[in-house]
2 protein chains.
Amino acid sequence: MSPSALPYRPHNHDACVAQALTEARTICQQHNARLTPTRERVLELIWQSHKPLGAYDVLAVLAADGHNAAPPTVYRALDFLQQHGLVHRIASLNAFVGCTHPGKNHQGLFLICRCCGNVLELTAPGVSDAVKNAAADEAFQPDNMTIEVSGTCPGCASDTAHD
Amino acid sequence: MSPSALPYRPHNHDACVAQALTEARTICQQHNARLTPTRERVLELIWQSHKPLGAYDVLAVLAADGHNAAPPTVYRALDFLQQHGLVHRIASLNAFVGCTHPGKNHQGLFLICRCCGNVLELTAPGVSDAVKNAAADEAFQPDNMTIEVSGTCPGCASDTAHD
DNA sequence: TTGCTAATGTTATAATATTGCAAATTCCAC
DNA sequence: GTGGAATTTGCAATATTATAACATTAGCAA
Ligand SMILES: [Zn+2]
Ligand SMILES: [Zn+2]
Ligand SMILES: [Zn+2]
Ligand SMILES: [Zn+2]
């Protein structure tokens, strides 16, 4: 199994978070963008697991933090993070997940487990090429793709196998 | 250009609608499902163009019809129509569009024009195979795919070409 | 300092979707 | 046809997700 399959097996998730935050700082510096405390905190929360988090979930944690935030605070932070390629929005869930390939130019494909909720982001150039070809056949100029797959991850499949 | 590229060029759209309704009746009969007046009317409204329609847009037209409907009426009708493969929900737009391949077993790929709003549904087996392969490489069992591409359709591209 | 821009706070509201229960309709066996 | 089950609809309330509009503050440079 490829090492990218991280969410599906035990791993040192604190290291995931730490790395994501470090990379985010670097990327924001390169972009001359300010990773303010609120933005950084939101990113950290999004990374608290490999399960997508809703904007209002983020909001609730901020509130618990003592940060008296309103929805726009969260949505603005999320917009910023998306803009800089640090998080992705999962359209089929109205939720957000940390990008596992930040800084790299990539088209994500998301494998969403219905059972455990974890999301694995793949780069899948083969898929985006196939989509581009299909679009080109219709003379359509793509500019953004949403590719999301719901199903069962290997962990959950083996859990339920011995029923 | 393939004949499926219908929304992007002038065509007898009344014929589109009529055919969609006829096929819907047939399919519901085959499924032993009841295409009630409300459901049929909602399907007709969804088909009023090749642009996806929001649930509340449908609701507004029903209201104008004199039908005193509440949101659940519309969402239930849309659920029914989705269940029977007569409409698709476009996750990136929170809106619904008529299925152009009803009755056929297919995985849709949607080309969404940002400019005119029209959506072309493709079957694109190449794409779904590529997605299935990518999923299989991670031992993931897909069960539903969302593949949506935003961009510029050929009509809109040629309109803006001579700027 | 002053003035500019980006970022945040705040309030309100818009837009999308669901729950739960009661009433009506339709279906089907008898 | 009639009774009873199952499906469909009506309806009120509410949940969830997202944005608009405007005031305030922080960061930064001339
Ligand atoms: Zn992790
Ligand atoms: Zn990514
Ligand atoms: Zn048409
Ligand atoms: Zn379809």
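Worth saying up front: this structure is predicted, and the values here are computed from it rather than measured. Numbered from 1 within each chain, the chains take letters A, B, ... in sequence-line order.
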Sub-3.5 Å pairs of nitrogen or oxygen atoms, protein against nucleotides 5-9 of chain D:
from: dT8(D); atom 1: OP1; to: Arg39(B); atom 2: NH1; distance (Å): 3.4
from: dT8(D); atom 1: O5'; to: Arg39(B); atom 2: NH2; distance (Å): 3.4
from: dT9(D); atom 1: OP1; to: Thr36(B); atom 2: OG1; distance (Å): 2.7

What pairs with Gln48(A) under side chain to side chain donor-acceptor pair (under 3.5 Å), at least two apart in sequence or on another chain?
none

Gly54(A) vs Pro71(B), nearer the 5' end of DNA chain D by closest nucleotide
Pro71(B)

Do we see Tyr75(A) stacking on the base of dT19(D), given a limit of 5.5 Å between centres and 30° between planes?
no

Kindly write out the residues that satisfy ring-ring contact (aromatic ring centres under 6.0 Å, His included) with Phe110(A), not counting sequence neighbours, or none if the list is empty.
His88(A)

Could you note down all residue pairs passing salt bridge (Lys or Arg N to Asp or Glu O under 4.0 Å) where residues 106-116 of chain A supplies at least one of them, sequence neighbours left out?
Arg114(A)-Asp143(B)

For Asp65(B), which residues count as a salt bridge (charged side-chain N to carboxylate O under 4.0 Å, His left out) partner, sequence neighbours excluded?
Arg41(B)

What are the 5'-most and 3'-most nucleotides of DNA chain C lying under 4.0 Å from any heavy atom of chain A?
dA7(C) to dT11(C)

In whole angstrom, what separates Leu53(A)'s CG from dA18(D)'s C1'?
16 Å

More than 12 non-hydrogen atoms from neighbouring residues, nucleotides or ligands closer than 6.0 Å to CD on Gln82(B), yes or no?
yes

Go through the structure and list residues passing salt bridge (charged side-chain N to carboxylate O under 4.0 Å, His left out) with Arg25(B), not counting sequence neighbours.
Glu40(B)

When you check the phosphate oxygens OP1 and OP2 of dC11(D), does a side-chain N or O of Asn68(B) lie under 4.0 Å from one of them?
yes

Which residues satisfy the ring-ring contact (aromatic ring centres under 6.0 Å, His included) test with Phe80(B), sequence neighbours excluded?
His84(B)

Any N/O donor-acceptor pair, Tyr56(A) side-chain to dA18(D) base, under 3.5 Å
yes

d(CG, Asp57(A); P, dA15(D)) in whole Å
16 Å

Listed once per pair and sorted, the ring pair (Phe, Tyr, Trp, His ring centres under 6.0 Å) pairs that draw on residues 39-64 of chain B, sequence neighbours left out
His11(B)-His50(B), His13(B)-His50(B), Trp47(B)-His50(B)

Find which nucleotide of DNA chain C each of Ala77(A) and Pro72(B) is nearest to by heavy atoms, and output the residue with the more 5' nucleotide.
Ala77(A)

OP1 or OP2 of dT16(D) sitting under 4.0 Å from any side-chain N/O of Asn94(A)?
no

Roughly, in whole Å, what's the span from CG in Leu59(A) to C1' in dT17(D)?
11 Å

So with a 6.0 Å cut-off around CG of Asn105(B), is the heavy-atom count from everything else above 12?
no

